[in-house]
Amino acid sequence: MRTIKKKNGRQLDAPHVANIYRRMKAASPANAKRRAIYVALAILVGLSGATTLLSGQALARSKASRIERQQASSKDSREGVAHLLNRVTFGIRPGDVEKVQALGVERYLKEQLSPDSIALPSSIQQVAQVPALTENPVNLFLNYGKPALKALSKGGGNTEADKKALGKIVRDTYGKLYQEAAQAHLTRAIDSPRQLQEVMTDFWFNHFNVSSDKGLDHIWVGQYEESAIRPHALGRFRDMLGATAHHAAMLFYLDNWQNTAASFRPVVNNPNNSNNPKAKSRFKGINENYARELMELHTLGVDGGYTQKDVQELARVLTGLGLPPGAGGGFAMRNPQERRRMLGQFQGNQSQIMPFGQRSRQRGIRNFGEVVSASSIPGDAKSGSYFDARRHDPGTKVIMGQTIAGAGEREIEQVLDILARHPSTAHHISYKLAQYFVADTPPESLVKKMAATFTRTDGQIAAVLNTLFESEEFWNPQNRNNKFKSPYRYVVSSLRATDATIVDVVPVLAYLKQAGQPLYKCLTPNGYKNTQEAWLNPDSLINRLNFATALGANRLPGVRTENNKQGDITDSLAIVSEKTVSAIEQAQPQLRQSLVLGSPEFMMY
């Protein structure tokens, strides 16, 4: 781990900071975490390196106005607008406060709650025009899934060199899909004027989490966010619940694609194969994984009033909902020659796959099923789902006191309606939103008001957020700058504050991984947390200070900052304390920008 030299020449690294933190905690538990941040800031003061100068005028303006900011309480005051921007966006950019003051808080919120009313720059639109986002799940599987690449490998030879070359193509293919989705995600988060939509897309993705590190989801995760999350982020909760429930990424991630009535006996290709052990291994009966998380995480909450019996009954309702045969739920393949051509285009016409001969093609067909076109794949291509009535349990179910008669796929829609409109769901969603936007332990009074709006509007998310943004609890000074940024939010807010552009997403993704929050890769279904307890620790602080130093010096790999705008970076701070101003004033001028990015105030929002 990188160590940082103190001015007296001693080395200070994560274990040293941890020791300091423990001593602080023993001496003053209430202030330990806050004081640990100031220790980290003190470390940063001793760093050296060239960086763009922080404008002296900006620093003077920050110092002169801090008392005014701290005393201001109205929504339209500079402090009030800065607080709003810290929550509604991924971080304040120089000049943002003045723009919102000129527009008016109410009009600004109205626009943000209706993202379609805000025009998108062409650069934001173009970054999303990539296969990882524009192709539907069926096409993504047929063109970039492992069976497709394995079929192509049959024409590439069997030598070790051929296998090594193919392995590189597979890694590059999956890596490029991930990087293109990540580039679009981060570019939108940094530059899109529809900031609340981006913030809510992040919120809902973690709420309905899937991980690109699990099997087929490495080809589907970007499309999942694009089609099941983003369009509904400020819409109706029930619509998003249905979109995620039917998407291939969720069905694979939580194993519902294998959820099968206990009485089902698989038949593969012909009746003579009904006893094929490999075929049986795909569908072993009831799988409760998705049913449990659908109740505990997605709707009712862990204290939502359901029982284990309800989970079992819900799993029965969900039997048969899975992936299409030939597109994740069984073996079939598109025309190999066409796939090879498309794959070559996807890889920039630099495919190393060898010519696909007729004999090898036949061998590939024999191994992976019939050659079929995408249009012949059953099910819903848009979501990548398929309801197999043969694997569905047709019996009557009882969930939380409500009887659901056997009706095939209609049962699923009926139970999603029940869950989306349950009072426990209104409370659970409102609590999580209040925690995300107001405080790690949100006021119950606010949660109740939001839950009432959720129920009254049939889960209209924009209306629930409007209740939140109009509440006294949101504007209470105690709830300003009281939340600690996650690594993701810290990175995006830093890039926004410095007007940075990502020219190579790989180093940024590497930092997020090092910081413990790799994009799209949370393995647990509850997603990444947004609380201080989850992210505040000595290692995290040192990682952030290293990041701040590199970005402040315009030496962060893969990122380019606009030097002519960096002088106003202090405008990105909602509140500036005496201690931070003093530290910045006493530091070498070339360190001041990094000190702002590494300050306690900037790590909070």
Side-chain angles (χ1 to χ4, degrees), residues 137 201-217 220-221 224-225 228-229 232-233 237-260 283-323 328 383-385 387 393 397 399-400 404 411-433 435-436 459 520-531 534:
T201 297
D202 173 69
F203 171 85
W204 289 119
F205 188 93
N206 282 291
H207 183 81
F208 294 105
N209 182 60
V210 302
S211 174
S212 66
D213 276 351
K214 180 172 180 177
L216 288 173
D217 278 349
W220 286 332
V221 68
Y224 170 74
E225 181 180 72
I229 301 293
H232 310 293
F237 177 77
R238 171 63 178 85
D239 295 336
M240 183 160 42
L241 182 66
T244 56
H246 289 86
H247 198 280
M250 180 63 74
L251 294 170
F252 185 84
Y253 176 64
L254 289 177
D255 305 316
N256 204 76
W257 74 285
Q258 296 177 311
N259 186 18
T260 302
F283 308 111
K284 294 183 177 179
I286 295 291
N287 188 304
E288 300 175 3
N289 287 356
Y290 179 51
R292 180 175 294 102
E293 308 305 352
L294 181 58
M295 284 185 158
E296 178 179 333
L297 299 178
H298 299 172
T299 56
L300 305 173
V302 67
D303 298 320
Y306 64 91
T307 65
Q308 175 59 23
K309 180 63 174 177
D310 292 321
V311 172
Q312 295 170 344
E313 293 289 273
L314 177 56
R316 291 178 59 209
V317 169
L318 296 170
T319 51
L321 179 60
L323 306 175
S383 66
S385 66
F387 181 77
D393 183 335
K397 297 92 176 174
I399 298 177
M400 301 187 76
I404 299 177
E411 297 173 37
I412 299 173
E413 302 309 313
Q414 183 179 351
V415 78
L416 291 180
D417 287 342
I418 292 171
L419 293 175
R421 291 171 179 151
H422 196 279
S424 293
T425 299
H427 185 274
H428 179 56
I429 299 302
S430 297
Y431 180 92
K432 289 193 67 176
L433 286 169
Q435 183 184 66
Y436 190 79
Y520 297 139
K521 292 179 180 289
C522 181
L523 290 174
T524 56
N526 56 341
Y528 292 122
K529 298 184 182 300
N530 66 86
T531 60

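FYI, side chains are in, hydrogens and waters are out, and symmetry mates aren't considered; it's all heavy atoms of this structure.
- In this structure, CZ in R316 is found 8.5 Å from CD in E411, a value given to the nearest 0.5 Å.
- A search for side-chain contact (heavy atoms from CB on, under 4.5 Å) contacts involving H422 returns L300, M400, S424, T425, not counting sequence neighbours.
- A249 meets the side-chain contact (heavy atoms from CB on, under 4.5 Å) test with V210, D217, W220, Y224, H247; sequence neighbours excluded.
- The shortest non-hydrogen separation linking Q414 to I404 is OE1-CG2, 3.6 Å.
- Residue pairs that meet the salt bridge (charged side-chain N to carboxylate O under 4.0 Å, His left out) test with at least one member in residues 521-531, sequence neighbours left out, are D213-K521.
- With sequence neighbours excluded, the residues that form a ring-ring contact (aromatic ring centres under 6.0 Å, His included) with Y520 are H185, F205.
- Screening residues 295-307 for side-chain hydrogen bond (donor to acceptor under 3.5 Å, both in side chains) gives T307-D310 as the qualifying pairs, with residues at least two apart or on separate chains.
- The aromatic rings of F237 and H207 sit perpendicular, their planes meeting at an angle over 60°, well past the 30° parallel limit.
- Salt-bridge check for D255 with K214: passed, with a basic side-chain N closer than 4.0 Å to an acidic carboxylate O.
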| So I286 and N259, side-chain contact (heavy atoms from CB on, under 4.5 Å) or not? Walk me through it. | CA-CA 5 Å; I286 295 291; N259 186 18; 3.9 Å; yes
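- To the nearest 0.5 Å, atom NE2 of residue H232 and atom CZ of residue R238 are 10.5 Å apart.
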| message | Before you tell me yes or no, could you show the steps for F387 and I412 under side-chain contact (heavy atoms from CB on, under 4.5 Å), namely the whole-Å CA-CA distance, both residues' side-chain angles and the distance that decides it to 0.1 Å? | response | CA-CA 10 Å; F387 181 77; I412 299 173; 4.1 Å; yes
| task | In sequence, state the C-alpha distance, the side-chain angles, and the governing distance for N256 and N287, and then conclude on side-chain contact (heavy atoms from CB on, under 4.5 Å). | result | CA-CA 7 Å; N256 204 76; N287 188 304; over 6 Å; no
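- Heavy atoms only, all atoms of each residue included: A245 and L251 are closest at O-CD2, 3.3 Å.
- The main-chain N or O of I229 is never found under 3.5 Å from a side-chain atom of W204 such that the two would form a donor-acceptor pair.
- Under the rule for a side-chain hydrogen bond (donor to acceptor under 3.5 Å, both in side chains), Q312 has no partner lying at least two apart in sequence or in another chain.
- Side chain to side chain, Y436 and D202 meet the donor-acceptor criterion of an N or O pair below 3.5 Å.
- With rounding to the nearest 0.5 angstrom, the CG atom of L416 is 11.0 Å from the CG atom of D239.
- Closest approach of E313 and K397 over heavy atoms only: OE1-CA, 3.3 Å.
- Put simply, the side chain of Y253 never gets that close to the backbone of L216: no donor and acceptor are under 3.5 Å apart.
- In plain terms, the two heavy atoms of L254 and P525 that are nearest each other are CD2-CB, 4.1 Å.
- Of all heavy-atom pairs spanning G384 and A248, the tightest one is O-CB, 3.5 Å.
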| Chi angles and distances behind the side-chain contact (heavy atoms from CB on, under 4.5 Å) call for L314, L419 | CA-CA 11 Å; L314 177 56; L419 293 175; 4.3 Å; yes
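- The closest side-chain heavy-atom distance from I399 to I418 is not below 4.5 Å.
- Between L321 and S385, the closest heavy-atom pair is CD1-CB, 4.4 Å.
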